[in-house]
Amino acid sequence: MSSIFRLGEIQKLQVVKEVPMGVYLSLPETMRDSSEPRELILLPSKEVPKDTGIDDLIEVFIYKDSEDRPIATTKKPAVTLGNFAYLKVAQVNDIGAFLSWGLLKDLFMPFKEQTYRVQEGDTILVSLYLDKSERLCATMNLYPLLQTDSNYKVEDSVNGTIYDISDNFGAFVAVDDKYSALIPSNELFRKVYIGERVHARVKEVKPDGKLTLSIREKTQIQMDKDCAVIMEHLKEHGGFLPFHDKSSPESIKREFQMSKSEFKRAIGRLYKNKLIVIGGDGIRINRQP
């Protein structure tokens, strides 16, 4: 395929020839090298706007039809090359998934480009790329495609989508669906899942521009919430829990969805406010008036 027609992108092309099956388009005269042969691409008749004539400019998207031939369409797909969009899984078979993106031919996503095995009906965040065979495909592997030039600063609030999860690193997030960010493993005190929309705050902006996030609130606000969680657990368990400052971080995280340091801060406040009693065997609600 000639490089003048950019697969996966929207271009403004000029009508140069009318045929029974539609019109042929090419680069406008002002944009082409007149010494080179004119290259043409078909816009099928059902796509041609009414009253279109020779030399008219038409904005089209370039893709490949079911026979793998480059073709133009006036339909605007949900995603273009290098950009991001939420697309619905229309079909899954033994070679991958097919996504609805606003064109007659569904968009293919190979298994190797899935961060988890998607199911029909899922709505997922993807980007559009060209594979080695110059075919337009979708990918859920967004890490190398996300930008690092956001204007966010430490303590800013952000929204994003989790697009991958690593046991070693944490949850990878596309902030505003375009900026690269990570919720580190030590910040994950509850189960998260791919595709989840999260509200977070910026803990750090790395030298390369990538963001480190926390889904926990600022310390004072989080402590209020942690105290409430502990008191609720105590009430649910008859006023006693076998947890104290010697309990393991793993058991505390499993029971309360908080770190050991957060747990110790919270029970310290509850003790200071005379709401609990701390003993060698655990903590209990203070029944004294």
Side-chain angles (χ1 to χ4, degrees), residues 84 86 111-119 122-127 139-230 232-233 241-269:
F84 306 89
Y86 291 93
F111 284 127
K112 67 181 179 64
E113 297 298 333
Q114 300 176 26
T115 54
Y116 73 96
R117 287 299 174 95
V118 301
Q119 303 294 321
D122 288 354
T123 298
I124 53 177
L125 181 64
V126 299
S127 184
T139 180
M140 295 171 69
N141 295 309
L142 307 183
Y143 185 81
L145 305 173
L146 291 169
Q147 300 175 29
T148 58
D149 58 349
S150 79
N151 292 319
Y152 288 119
K153 305 179 294 297
V154 172
E155 298 299 343
D156 281 352
S157 294
V158 298
N159 294 292
T161 301
I162 295 175
Y163 65 88
D164 200 3
I165 298 173
S166 164
D167 291 338
N168 294 327
F169 298 104
F172 293 92
V173 180
V175 168
D176 297 338
D177 299 333
K178 64 179 178 179
Y179 298 120
S180 182
L182 174 71
I183 305 171
S185 296
N186 62 3
E187 288 288 339
L188 292 175
F189 297 107
R190 65 171 177 83
K191 186 174 179 61
V192 297
Y193 56 90
I194 294 173
E196 180 180 352
R197 293 286 295 169
V198 293
H199 179 75
R201 63 184 176 87
V202 178
K203 284 193 68 177
E204 181 184 9
V205 180
K206 299 284 190 182
D208 62 2
K210 294 184 177 70
L211 307 174
T212 301
L213 307 180
S214 173
I215 51 177
R216 309 285 282 176
E217 299 280 5
K218 293 181 181 180
T219 302
Q220 192 64 32
I221 299 172
Q222 190 63 51
M223 196 187 307
D224 292 340
K225 292 185 176 182
D226 293 342
C227 287
V229 167
I230 292 170
E232 188 63 31
H233 275 57
L241 287 168
F243 291 89
H244 42 69
D245 59 3
K246 302 298 183 185
S247 298
S248 71
E250 294 76 20
S251 64
I252 290 171
K253 179 179 179 181
R254 186 167 54 249
E255 179 70 20
F256 302 103
Q257 300 295 296
M258 63 184 73
S259 69
K260 184 169 181 175
S261 62
E262 289 168 329
F263 174 76
K264 289 172 68 176
R265 277 199 301 264
I267 64 172
R269 174 190 278 187

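When reading the values below, keep in mind they use all heavy atoms of this one structure, side chains included, and skip hydrogens, waters and symmetry mates.
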Provide the closest heavy-atom pair for [X] versus [Y] in the form atom of the first, atom of the second, distance.
X: Tyr163; Y: Ile194; value: O-CG2, 3.7 Å
X: Phe256; Y: Val229; value: O-CG1, 4.2 Å
X: Asp226; Y: Ala266; value: CB-CB, 3.9 Å
X: Phe84; Y: Leu125; value: CB-CD1, 4.1 Å
X: Met140; Y: Gln114; value: SD-CA, 3.8 Å
X: Ser166; Y: Ser185; value: O-OG, 4.0 Å

Going by salt bridge (Lys or Arg N to Asp or Glu O under 4.0 Å), name the residues that satisfy it together with [X], two or more places apart in sequence or in a different chain.
X: Glu187; result: Lys203
X: Lys246; result: none
X: Asp156; result: Lys153
X: Lys206; result: Glu204

(message) A quick test of your reading: do over 12 heavy atoms of other residues, nucleotides or ligands sit less than 6.0 Å from OH of Tyr143?
(response)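 Result for OH/Tyr143: open.
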
(message) Does Asn186 have more than 12 heavy atoms from other residues, nucleotides or ligands lying within 6.0 Å of its CG?
(response)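 Yes, enclosed.
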
Does [X] have any side chain to side chain donor-acceptor pair (under 3.5 Å) partners at least two apart in sequence or in another chain, and if so, which?
X: Asn159; result: His199
X: Ser261; result: Ser259
X: Asp208; result: Lys210

Partner residues of [X] under the side chain to side chain contact (heavy atoms under 4.5 Å, CB included) criterion, sequence neighbours left out:
X: Ala171; value: Ile162, Ile165, Ile183, Leu188, Val192
X: Val158; value: Tyr152, Val175, Ala200, Val202, Leu213
X: Lys191; value: none
X: Ser251; value: Phe243, Ser247, Ser248, Arg254

(request) May I ask you to decide if Lys112's main-chain N or O and Asn141's side chain share a donor-acceptor pair within less than 3.5 Å? (result)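 Pair found, side chain donor or acceptor close to backbone of Lys112.
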
Hey, could you give me the [atom1]/[atom2] distance between [X] and [Y], rounded to the nearest 0.5 Å?
X: Lys225; Y: Glu262; atom1: NZ; atom2: CD; result: 11.5 Å
X: Leu241; Y: Glu255; atom1: CG; atom2: CD; result: 6.0 Å
X: Ile124; Y: Gln119; atom1: CD1; atom2: CD; result: 11.0 Å

Contact between [X] and [Y] at the side-chain level, heavy atoms closer than 4.5 Å - yes or no?
X: Tyr86; Y: Thr161; answer: yes
X: Phe111; Y: Arg117; answer: yes
X: Tyr179; Y: Asp149; answer: yes

(request) I would like to know whether Asp224 and Arg269 meet side-chain contact (heavy atoms from CB on, under 4.5 Å); could you show each step before the answer? (result) CA-CA 9 Å; Asp224 292 340; Arg269 174 190 278 187; 2.3 Å; yes

(request) Any pair with a residue in residues 171-183 that passes salt bridge (Lys or Arg N to Asp or Glu O under 4.0 Å), sequence neighbours left out, goes on the list, sorted by first then second residue, please. (result)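 Found Asp177-Arg197.
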
